[in-house]
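Structure record follows, encoded as structure tokens.
Just follow the structure's listing: the first ligand is 1, and inside any ligand the first atom is 1.
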Amino acid sequence: MMLRSSGRSRRLNSDAPAAANSTPDAEPLFDADLLGRYDRRGPRYTSYPTALQFHDGFTGRDYRDCVADTNADPIPAPLSLYVHIPFCAKACLYCACTRVITRNRAHAAEYLERLVVEIARQAELFDTDRVVEQLHLGGGTPTFLSMEQMDHLMESIRQHFTLTPDGEGEYSIEVDPRTVSGEAVRRLRQFGFNRLSLGVQDFDPAVQAAVNRVQSEQETLEIISAARENRFRSVSIDLIYGLPRQTTAGFMQTLDRVLAAQPDRVSMYNYAHLPRQFKLQRLIREEDLPGASEKLRILQSSIERLTGAGYRYIGMDHFAKADDDLSRAQLEGTLSRNFQGYSTHGDCDLIGLGMSSISAAGACYSQNAKDLDSYLALVDAGGLATVRGVRLSEDDLIRRRIIRDLICHFTLDYGGFENSLQVDFWRYFAQERELLRGMEADGLVEIDAAGIRVTMRGRLLVRNICMVFDRYLREAPGHGRYSRAI
Ligand code: SF4
């Protein structure tokens, strides 16, 4: 079967938004037996195809060509910037991020020097009338940079890109409460950031000791207060369940203290214990990890507590207040997903800056060198820092949109796809239809003549439903590389 070539692949990225699913404030139904049965490893779908499909045959030249295609779109997409600051002063044992553990601040200076060069080189590729609507500084620990360095970084970004006004753009930074003061939060707001995200994970001292991340509740609450005083539009808190020495009772205490501070968003990540991939995780004693049923209890109690406190279940691991932009985007059908998780600016082309960062421009993903020395050397050599990536086929673009609609909106209408497919949706996806039968029988999805709906029973397993449409996973599973769904 042939796919109809659209000429402009972007149209498959940014077709009309999916209609939001019904019952927005209901909580997903929790069925421990069902979750246990479907608890398998799989991608988190921050991209499709996932990074496993990136290859080193994709070069900086390919990336430039893809960006040129996006500039030629009738209405080029706005831009989103992701800047990776890889340094951390201490290593948290659970961490799976690409980071450099060091206390030597000189590393930050030499890195920043190359980063501003890369910013200028990347900016040259994009038409100057394409504005930046979203910026995110992640890491590592972005606040490893001094405030002077942060000022310099933001100045460089403004020099080379046009940022939309504060009231319209989303400018966020990950903050480690152990490394910043209230005064630093004030400066960050002055530099233009309007959203703050804080890593907490768990306030329980036993858990903190077991993961080598000791962070007092007091220092976290002070940063939240400083963010409010300085009129940050949104504060989000990251928690992790499944950490060593965690119990349901202890985690509920953490959650209650977090909710008392009224963050706008709460992310509750499932700890992925992959010691073969992440060396430091080998220092975590397996016997300290909560068992599968305890993890399920933590998850169930947390969902009840969060939805009971008025937070909307966005999907996967995210919760947001009803008036937060993330909730609004889901209701309006404009929610998207990128490497930072759920996003309100899904129609943007994403420019990744810094070591290991990934760009998603038009029909490609392009990744920078993953280690510090290679990144510095590539920038010094005068080109881009691209080392691998992938160009998406028409089939990839269709499957990416299907996965996005399911994971963001819990719904998929065939109508928008049949033009591109040139055939009946289920003729093209005959194999997937068979795979969905079991899920339909288990009540995870409802399938009718108009589309697929993920039920309340299926919401916690939406990753598994997306996996059905992942051609690469089916052809070469590689499950060991992924975390478990629950
Ligand atoms: S501060 Fe964040 S990036 Fe750094 S080691 Fe800890 S979890 Fe990883």
Sub-4.0 Å atoms of ligand 1 with respect to non-hydrogen atoms of R99: 5 (S), 8 (Fe)
Atoms of ligand 1, numbered as shown, that sit under 4.0 Å from any heavy atom of T141: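 Going through ligand 1 atom by atom, the ones under 4.0 Å from T141 are 1 (S).
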Top protein contact for atom 8 (Fe) of ligand 1, by heavy-atom distance: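 It is C95 SG, 2.4 Å.
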Protein heavy atom at shortest distance from atom 4 (Fe) of ligand 1: C88 SG, 2.3 Å
[X] to ligand 1, any heavy atom closer than 4.0 Å:
| X | result |
| --- | --- |
| K90 | yes |
| G140 | yes |
| R213 | yes |

Under 3.5 Å donor-acceptor, E174 side chain and G138 backbone: no
For [X] and [Y], test the side chains for any donor-to-acceptor distance below 3.5 angstrom and give the result as yes or no.
| X | Y | answer |
| --- | --- | --- |
| N368 | E118 | yes |
| T164 | Y171 | yes |
| E222 | Q218 | yes |

N/O/S from C92 sitting under 2.8 Å away from atom 6 (Fe) of ligand 1: yes
Validation row: L145, Y111 side chains within 4.5 angstrom (heavy atoms):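 Result no, sub-4.5 Å side-chain heavy-atom pair not found.
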N-O pairing of D202 and R245 below 4.0 Å: no
